[in-house]
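Okay, structure first, notes after.
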Amino acid sequence: MIAPVPPAPLAPAVEAVAANPWVSLAYLVAGVCFILALRGLSSPTTSQRGNRFGMIGMGVAVVTTLVTHVPVAGGLSDRADLYGETWNYDYFAILEILAAIGLGAAVGITTARRIAMTAMPQLVAAFHSLVGLAAVAVACAAFLNPVAFDIADMVVPMIGQPFASIHVVSRVEMALGVAIGAITFSGSVIAFLKLNGNMGGKPILLPGRHALNAGLLGAIVILVAMFTRDQSPWIFWTITLLSFVIGFLLIVPIGGADMPVVVSMLNSYSGWAAAAMGFTLHNIAMIVTGALVGSSGAILSYIMCRAMNRSFVSVIAGGFGASDAGGANGGAAIDRPWKRGSAEDAAFLMSQAEQVVIVPGYGMAVAQAQHVLREMGDLLKKEGVRVKYAIHPVAGRMPGHMNVLLAEANVPYDEVFELEDINAEFAQTDVAFVIGANDVTNPAAKTDRSSPIYGMPVLDVEKAKTVLFIKRSMGGVGYAGVDNELFYRDNTMMLLADAKKMVEEIVKALG
Amino acid sequence: MDFISILSIFVLACFVGYYVVWSVTPALHTPLMAVTNAISSVIIVGALIAAAASSGATGSGVAKWLGLGAVVLASVNIFGGFAVTQRMLAMYRKKEKRS
């Protein structure tokens, strides 16, 4: 015979707190601050104010949570509420929380100060993985201790111990939160390893990966459905595990130059994970933030895909450039004549020009050539040359990567132009200076229907009177595995060297 | 709050996000990613609740440590994300003074 156990008290203090309208209002203020933070980024002049709004919003959200959820020794005693006794604060637990925040702050600020601007894509990927892991940890904590999150009812069965039955809606939210968080985490770790060079940039194609991914995804959906009926721990942990695996499998086959899409996509996922947890906690700040970040990442992914004329699905399916079709038209062009120039030739041509347009790409980031490039720009400006920079949306490894590097090198942002703003100007340009970019300048994208990059918007550099193209050697091809028409044009001069060394020599020749 | 009110907030916030993000200048897309990273760490709210509530009667020690771990991770992101965004944006501002 099992003795009937009285139901454990449901933390009444949490209920009382949740009902306080001021608390909800504070979270709403935080949400509005986050909207203003993104709004500020519409122009460099308002962006810093926007960032301060973001910090204020985060401060409001954290302080509100801290003061409404002070740890109490010996549990949330119902006596304290019923008899108006003073709370017996658990000072050690408070200290632990503050120490955790302090530790995170120290690590975060040190990293942010030290990181090189060229390593920004890796840093962002690493930060995404942290959001994902934090979401997983919070979802697991909510599953293990649902009463603390106010998402469960105590059930006293006829036989056995009373247990906390998690609300059905909360179960779905929780399962989605843990799944999206886990995918964000493992996907971002792979993206980080690829961007950081710990893992080759070449796509790794597993046989039957589409079937495997679809099977895993199906299994997760079925498990989430089961979880609504049965809150057994094994279901929850299996969902978590499978999601880690699928995040890993999704990103492994995607190659280096498709990283702008991947990083944007993971950014979006981290937002949806936060939103799912916001649903679980009924927290306005988290829901608004999740929606903002989720749509931000989705829009960036869309912009990146459009800039490559590829569908989102084909990027996620992976393996660009590794497909069998790519090699077919690359081989024939090897023996075509091309012109080679020296740094002195380049310096002379540019100093005589009226307008020079510089086209930077990932190669500039790898060579860390942005500072010496700006030096070259300054020298040319002294000679009375108009210098502009043209940026393709997918140049680099993340959206806006080139803009940040040029900003770091003190290039005025009003000299930097986007593709659609500058493309018409190449016809009136004397010299187009391509440094570390390749596929985004390939005219075959406009004319050659058989080319894998056909239809991709490209910079019309070939319309300039002279094209100077810095490249390490004539052997290599761009990421897409296609030969670039541009190399063999009459108005193209190839500068074969490391990007940084070549620009340094040009600077010497100009000075 | 019932599910429908929360869903309404979510859907409307998605629309706000859509229009706000399209108005972001492409030159600031990297700072945009950094700052969205920082604000998505508002998930620290859930971590703080888990870390603080665990001494409750039903409290599970594991939930508390998961919460504390998540507080550390989210804090790295919040402070790191805002700091690195600030650093990037300061570089853009300098230009304006020069020109």
Side-chain angles (χ1 to χ4, degrees), chain A residues 8 34 38-39 41-42 44 47-48 51 55 61 65 69 71 75-76 90 97 100-101 103-105 107-109 111-112 124 127 130-131 134-135 137-138 140-141 144-145 147-148 267 270-271 274 277 281-282 285-289 291-293 295-296 299 399-400 403-404 407-408 412-413 418, chain B residues 1 3 9-10 13-14 16-18 20-21 23-24 26-30 32-33 35-37 39-43 45-53 55-58 60 62-63 66-80 82-86 88-89 91-92 95 99:
Chain A
F34 293 149
L38 298 198
R39 178 69 206 158
L41 291 174
S42 58
S47 58
Q48 287 197 304
N51 199 38
M55 294 182 202
T65 316
H69 292 85
L76 296 163
D90 183 349
I97 292 174
I101 295 177
L103 177 65
V107 174
I109 290 176
T111 316
V124 167
F127 277 169
L130 296 186
V131 179
V138 172
C140 292
L144 292 170
N145 191 6
V147 174
N267 183 39
S270 68
M277 294 321 298
L281 301 181
H282 295 190
M286 285 169 85
I287 291 170
V288 170
T289 312
L292 287 178
V293 179
S295 33
S296 163
I299 290 170
N403 303 76
V404 168
E408 185 200 13
Y413 62 77
E418 300 300 318
Chain B
M1 259 189 296
F3 181 72
I9 295 171
F10 176 69
C14 283
V16 172
Y18 180 85
V20 170
V21 172
S23 77
V24 172
L28 293 177
H29 275 163
T30 296
L32 171 70
M33 301 201 90
V35 81
T36 50
N37 219 312
I39 66 173
S40 61
S41 302
V42 73
I43 202 149
V45 167
L48 289 170
I49 295 175
S55 42
T58 46
S60 149
V62 180
L66 281 172
L68 277 176
V71 170
V72 176
L73 296 177
S75 302
V76 171
N77 237 320
I78 291 170
F79 287 92
F82 281 123
V84 85
T85 309
Q86 194 64 29
M88 280 191 273
L89 294 178
M91 300 188 312
Y92 284 88
K95 268 48 6 100
S99 55

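The shown structure was predicted, so the numbers you read here are calculated from the model rather than taken from an experiment. Just so we're on the same page: letters track the sequence lines, and every chain starts at 1.
Between the CD1 atom in A:Ile299 and the NE2 atom in B:His29 there is a gap of 8.5 Å [rounded to 0.5 Å]. Going from atom CG of B:Leu32 over to atom OG of A:Ser47 covers 11.5 Å, rounded to the nearest 0.5 Å. Between atom CG of residue A:Leu292 and atom OG1 of residue B:Thr36 there is a gap of 9.5 Å, rounded to the nearest 0.5 Å. Summarising the geometry, atom CD1 belonging to A:Ile109 is positioned 6.0 Å from atom CZ belonging to B:Phe79; distances are rounded to the nearest 0.5 Å. To the nearest 0.5 angstrom, A:Leu130 atom CG is 12.0 Å from B:Ile43 atom CD1. A:His282 NE2 to B:Ile9 CD1: the interatomic distance, rounded to the nearest 0.5 Å, is 10.5 Å.
For chain A, the nearby part of B:Val35 is the side chain; its heavy atoms alone come within less than 4.5 Å. Proximity to chain B (any heavy atom under 4.5 Å) is restricted, for A:Thr289, to the side chain, taken from C-beta onward. When heavy atoms are compared at a cutoff of 4.5 Å, A:Met55 approaches chain B by way of both its backbone and its side chain. With a 4.5 Å cut-off on non-hydrogen atoms, A:Ile101 touches chain B through its backbone and its side chain both.
Within a 6.0 Å sphere centred on OH of B:Tyr18, heavy atoms belonging to other residues, nucleotides or ligands number 12 at most.
No side-chain donor-acceptor contact under 3.5 Å links A:Ser296 to the backbone of B:Val21.
Chain A forms more heavy-atom pairs under 4.5 Å with one residue of B:Asn37, B:Thr85, B:Leu73, B:Val16 than with any other, namely B:Asn37. Options B:Ala70, B:Gly17, B:Ser40 differ in how many heavy-atom pairs under 4.5 Å they form with chain A, and the most are formed by B:Ser40. Residue with the most contacts toward chain B among A:Val293, A:Thr111, A:Val107, A:Leu281: A:Val293 (heavy-atom pairs, distance under 4.5 Å). Considering only heavy-atom pairs separated by less than 4.5 Å from chain B, the leading option among A:Ala134, A:Ala61, A:Cys140 is A:Ala134. Of the residues considered (A:Ala137, A:Ala274, A:Ala100), A:Ala100 shows the highest number of contacts with chain B, using heavy-atom pairs under 4.5 Å.
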Would you sort out whether B:Leu89 and A:Leu41 count as a side chain to side chain contact (heavy atoms under 4.5 Å, CB included), showing the intermediate values? CA-CA 9 Å; B:Leu89 294 178; A:Leu41 291 174; 4.1 Å; yes
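For B:Ser41, the side-chain contact (heavy atoms from CB on, under 4.5 Å) test picks out A:Val131, B:Ala74, B:Asn77, B:Ile78, with sequence neighbours left out.
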